[in-house]
Number of protein chains: 4
Amino acid sequence: MTETLPQTESVAADQLKCLIERIERLEEEKAGIAGDIKDVYAEAKANGFDTKALRRIVSIRKQDHAERQEQEAILDLYMQALGMAA
Amino acid sequence: MTETLPQTESVAADQLKCLIERIERLEEEKAGIAGDIKDVYAEAKANGFDTKALRRIVSIRKQDHAERQEQEAILDLYMQALGMAA
Amino acid sequence: MTETLPQTESVAADQLKCLIERIERLEEEKAGIAGDIKDVYAEAKANGFDTKALRRIVSIRKQDHAERQEQEAILDLYMQALGMAA
Amino acid sequence: MTETLPQTESVAADQLKCLIERIERLEEEKAGIAGDIKDVYAEAKANGFDTKALRRIVSIRKQDHAERQEQEAILDLYMQALGMAA
DNA sequence: AACGCATAAGTAAGAC
DNA sequence: GTCTTACTTATGCGTT
């Protein structure tokens, strides 16, 4: 990118470079945390816990209970209609 | 969990609770960063960049360049065999 | 691929071509069925059903109940430990 | 669903049941075909093909070739701007 | 026409 | 070492 090119192009290039660097930095951080999570599961396993069950609990707790039950209403209605009522 | 249960169980429960809380805290952080990444892509889009192409660049840069070209070779070979040579 | 190349190469190329064509044919079929499914949801919606709830029912029913409850045992144990018993 | 409920509800329930059964039947078919595809890849692998490259070829062929090159152009442009020109 | 969601593909890790 | 399973990414679809 030299001075023979229109300025707008080099500006866009700089902008692009900057965006990508920000993304890459953030992805690094994310990967670091993912590694930490893995470590916790490994530690749990080493202490005799079933990691598969662990993951399910985490997953279940993740569903926001408010929103979940909001949907539950419609769901229950349909399930009753099908004779699937719990 | 009352005093009628063996002590070892309550210890395990405490340990479990602790593990799960650590995981949940880390996952929150991870989700936060994922959100930040999304924001950067949104910003890029708002500035007229093609986010799909952006993602491809990030992805390409991620791959170890040596290993990348190794794959490219196999791919080219197959494509030639199919008469799909670029 | 001409007769100046070793025969084994052209054989491999034929084999490759054949494999790919089989895959492509199957993927076409699969896409056709996916389209049919979409149509059924559209029809359901046209009859006043909430497609989101519909999808959830289908999803719930998909989990093989036997295997699901098998896992449920461990899960319940852990949830009790956390004071999350339903 | 007994005669104490309004007739419209039981009609809706029947309709719903029917819709769900149709969806489930189609999803079964779809899963069957997905299995067939997996088998073809397995066969390819057994014959010494690199399945990863295979998948990429199938994927590439899927894209409308015109649209593909359109994307390639944008990508090249961005890569040049970053000094990543191949 | 653009946004977010939901499914589907591909990738990488863990179990047997 | 293979094979499944889980996670991540990507594409396409429905909605607004």
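Predicted, not measured: the structure shown is a model, and the values here were computed from it. The basis for the numbers below is simple: all heavy atoms, side chains too, and nothing from hydrogens, waters or symmetry mates. Throughout, a chain's letter reflects where its sequence line sits, starting with A, and its residues are numbered from 1.
Between B:Tyr41 and B:Val58 the shortest side-chain heavy-atom distance falls below 4.5 Å.
Remark: B:Glu24 pairs with A:Arg61 by the side chain to side chain donor-acceptor pair (under 3.5 Å) rule, at least two apart or across chains. Annotation: side chain to side chain contact (heavy atoms under 4.5 Å, CB included) contacts of B:Asp36 (sequence neighbours excluded): A:Leu26, B:Asp39. Partners of A:Glu21 by side chain to side chain donor-acceptor pair (under 3.5 Å), not counting sequence neighbours: none found. For D:Glu27, the side chain to side chain donor-acceptor pair (under 3.5 Å) criterion is met by C:Lys62, not counting sequence neighbours.
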Determine all donor-acceptor pairs shorter than 3.5 Å in which one atom belongs to a side chain in residues 43-56 of chain D; sequence neighbours excluded.
unit_1: D:Glu43; atom_1: OE1; unit_2: C:Arg22; atom_2: NH1; d: 3.3
unit_1: D:Glu43; atom_1: OE1; unit_2: C:Arg22; atom_2: NH2; d: 3.0
unit_1: D:Glu43; atom_1: OE2; unit_2: C:Arg22; atom_2: NH1; d: 3.1
unit_1: D:Asn47; atom_1: OD1; unit_2: C:Gln15; atom_2: NE2; d: 3.4
unit_1: D:Asn47; atom_1: ND2; unit_2: D:Glu43; atom_2: O; d: 2.9
unit_1: D:Asp50; atom_1: OD1; unit_2: D:Lys52; atom_2: N; d: 2.9
unit_1: D:Asp50; atom_1: OD1; unit_2: D:Ala53; atom_2: N; d: 3.2

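Here F:dG12 presents its P atom at 17 Å from CD1 of C:Ile37, a figure rounded to the nearest Å. As a whole-Å value, the separation of B:Asp50 CG from F:dA10 C1' is 13 Å. When the C1' atom of F:dC7 is taken as reference, atom CD1 of B:Ile23 falls 15 Å away, rounded to whole Å. With rounding to whole Å, A:Glu28 atom CD is found 17 Å from F:dT8 atom P. Atom-to-atom, CD of B:Gln71 to P of E:dT11 comes out at 8 Å; the value is rounded to the nearest Å. Between the CD1 atom of A:Ile57 and the P atom of F:dA6 there is a distance of 15 Å, rounded to whole Å.
Taken to the nearest 0.5 Å, the CG atom of B:Leu82 stands 8.0 Å off from the NZ atom of C:Lys17.
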Going 5' to 3' through nucleotides 1-10 of chain E and flagging B where a protein heavy-atom sits under 4.0 Å of the base, S where only the sugar-phosphate is that close, and - otherwise, we get --S--SSSSS
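With axes fitted over five pairs at each extremity, the angle between the ends of the helix from E:dA1-F:dT16 to E:dC16-F:dG1 is 10° (10° resolution).
Note on A:Val11: it does not cluster hydrophobically with D:Tyr78, by side-chain heavy-atom contacts below 4.5 Å among ILVMFWY residues.
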